[in-house]
Amino acid sequence: MDSRVVGIPEVDGTEQVVVVIDVMRAFTTAAWAFHRGAAKIVLAADEDEALAVKAGHPGWLALKDGASADGFDLVNSPRLIQEADLVGRTVIQKTTAGTVGALAVVEAKLALCASFAVAGATARVLTDTGTDSVTFVATGEDGRAAEDLACAEYLDRLLAGNRPDPGPYLHRAATSPAADDLRGGRRRGAHPADVELCLEVDRFDFAMKVGLEEGTAVLRPLRTRPDAVSAADRAR
Ligand SMILES: O=C(O)[C@H](CS(=O)(=O)O)OP(=O)(O)O
Ligand SMILES: [Mg+2]
């Protein structure tokens with residue numbers, strides 16, 4: 001499969017099949033939100049939009065990155081989301097990199113949002129579509145974030161039909177500046193275990209697809225082949 005990796009500034013709207021990657025932390029957090037029962041995630045461009053959407057939909061929960069703020073219910077932390085009861089809830093997510101990247105490609109023919117937690121399922125969805133070309137958007141640091149590039153390269157190897165050892169890719173993510181900042185307590189709205197959760201490969205057996213629903217960008221889980229069982233599930 002032909003592939004290329006771009007940063008958000010290079011997205012030009014011509015992408016057909018896209019995987020938007022944010023390992024730390026937007027799309028690890030989103031995957032955990034679905035695992036905790038969220039029905040859908042509405043992506044907001046900024047904090048004001050997130051709060052405006054919430055105001056129009058009583059019962060929806062607003063999530064932002066960085067420190068929490070008035071009106072927000074959740075932060076962009078997989079470890080903290082792990083404790084949230086989100087069964088049937090709609091979450092409105094706003095982050096600095098991941099959700100911005102997803103909004104930039106929301107009109108693509110197929111747009112998936114990915115992290116290591118859903119890597120295998122993401123590759124299976126792409127393979128099943130029969131597409132011969134994919135654009136990876138590495139959302140962090142204008143396309144230079146080591147953890148997102150490592151995940152893109154890992155996905156690329158999966159799509160090539162290989163069974164790559166995730167170890168070296170995870171090592172690059174684990175030693176990235178983002179991981180260092182999170183471990184060092186230099187990011188707000190974080191938990192010390194966030195990095196560890198962002199480095200779990202195939203924690204979940206669903207991919208995540210973003211698309212427009214009545215003009216709104218919505219992220220939903222996309223189950224893959226029924227026989228697909230995550231590595232984490234196999235280990236249990
Ligand atoms: O929450 C995150 O990890 C980042 C924002 S910050 O760098 O922590 O301020 O957002 P994301 O879009 O998930 O990369
Ligand atoms: Mg990030």
Side-chain angles (χ1 to χ4, degrees), residues 20-47 49-103 106 111-119 121-122 125 139 182 187-214 216-224 228 230 232-233 236:
V20 186
I21 300 171
D22 193 340
V23 171
M24 294 181 195
R25 295 168 288 171
F27 300 141
T28 302
T29 300
W32 273 99
F34 288 129
H35 180 68
R36 297 296 298 156
K40 65 179 189 284
I41 297 177
V42 170
L43 304 182
D46 53 36
E47 291 181 24
E49 184 179 303
L51 293 177
V53 171
K54 180 182 167 179
H57 298 85
W60 287 16
L61 302 170
L63 179 159
K64 72 182 282 294
D65 61 349
S68 195
D70 283 352
F72 285 87
D73 309 282
L74 303 162
V75 291
N76 192 39
S77 159
R79 179 64 185 83
L80 295 173
I81 290 290
Q82 205 179 27
E83 292 171 358
D85 178 2
L86 301 177
V87 175
R89 308 298 292 270
T90 293
V91 174
I92 309 156
Q93 186 181 26
K94 174 271 154 195
T95 74
T96 301
T99 57
V100 173
L103 287 167
V106 71
L112 303 174
C113 294
S115 58
F116 282 111
V118 295
T122 301
V125 167
T139 60
L182 282 162
R187 295 214 187 176
R188 309 291 301 277
H191 185 285
D194 280 349
V195 173
E196 190 185 315
L197 292 180
C198 291
L199 300 177
E200 280 191 336
V201 178
D202 294 344
R203 179 64 183 78
F204 305 113
D205 64 359
F206 54 82
M208 300 187 293
K209 182 177 184 295
V210 64
L212 286 176
E213 298 184 14
E214 298 175 354
T216 298
V218 177
L219 184 65
R220 291 186 185 271
L222 183 61
R223 305 282 161 190
T224 56
S230 75
D233 287 342
R236 274 194 278 273

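Salt-bridge formation is detected for the pair Glu213/Arg220: a Lys NZ or Arg NE/NH1/NH2 atom is positioned less than 4.0 Å from an Asp or Glu carboxylate oxygen. Between Lys94 and Asp46, none of the side-chain N atoms (NZ, or NE/NH1/NH2) sits under 4.0 Å from a carboxylate O, so this pair counts as no salt bridge.
For the pair Ala62 and Gly71, the tightest heavy-atom approach, listed with the atom from each and the gap, is CB-O, 4.0 Å. Residues Leu103 and Ala217 approach most closely at CD2-CB, 3.4 Å, considering heavy atoms. Nearest heavy atom pair, residue Pro221 against residue Ala39, reads CD-O, 4.4 Å. Considering all non-hydrogen atoms of both residues, Asp205 and Arg223 come closest at OD1-NH1, 3.8 Å. Residues Phe27 and Gly98 share a closest heavy-atom pair of CZ-O, 3.2 Å. When all heavy atoms of Leu219 and Ala30 are compared, the closest pair comes out as CD2-CB, 3.9 Å.
Within the 4.5 Å cutoff, the side chain of Phe34 has heavy atoms near those of the Phe206 side chain. Counting heavy atoms from C-beta on, the side chains of Leu51 and Asp70 never come closer than 4.5 Å. Residues Thr139 and Val20 have side chains in contact (heavy-atom distance under 4.5 Å, counting atoms from C-beta outward). Residues Leu182 and Arg25 have side chains in contact (heavy-atom distance under 4.5 Å, counting atoms from C-beta outward). Between Val100 and Thr95 there is no side-chain heavy-atom pair separated by less than 4.5 Å. Between Ser115 and Cys198, every side-chain heavy-atom pair lies at or beyond the 4.5 Å cut-off. With contacts defined as side-chain heavy-atom distances shorter than 4.5 Å, the pair Gln82/Leu197 qualifies.
The structure places CG of Leu222 at 9.0 Å from OG1 of Thr122, a figure rounded to the nearest 0.5 Å. To the nearest 0.5 angstrom, Asp73 atom CG is 12.5 Å from Lys64 atom NZ. To the nearest 0.5 Å, atoms CH2 (Trp60) and NZ (Lys40) are separated by 4.0 Å. Considering CD of Glu196 and OG1 of Thr28, their distance stands at 12.5 Å, rounded to 0.5 Å. Atoms CG and CD, from Leu74 and Gln93 in turn, are 10.0 Å apart once rounded to the nearest 0.5 Å. Taken from CG in Leu61 to CZ in Arg89, the straight-line distance is 4.0 Å, to the nearest 0.5 Å.
Applying the side-chain hydrogen bond (donor to acceptor under 3.5 Å, both in side chains) test between Ser77 and each of Asp194, Thr29, Asp65 identifies Asp194 as the sole match. When the options Ile81, Ile92, Ile41, Val75 are evaluated for a side-chain contact (heavy atoms from CB on, under 4.5 Å) with Leu63, the one that passes is Ile81.
Between the side chain of Arg36 and the backbone N or O of Leu86, no donor-acceptor pair lies under 3.5 Å.
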Notebook entry, point to check: Can Met208 and Val118 be said to form a side chain to side chain contact (heavy atoms under 4.5 Å, CB included), step by step?
Noted result: CA-CA 8 Å; Met208 300 187 293; Val118 295; 4.2 Å; yes
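Counting non-hydrogen atoms of other residues, nucleotides and ligands closer than 6.0 Å to CD of Glu47 gives a total above 12.
Using cut-offs of 30° and 60° for the angle between ring planes, the Trp32 and His35 rings count as perpendicular.
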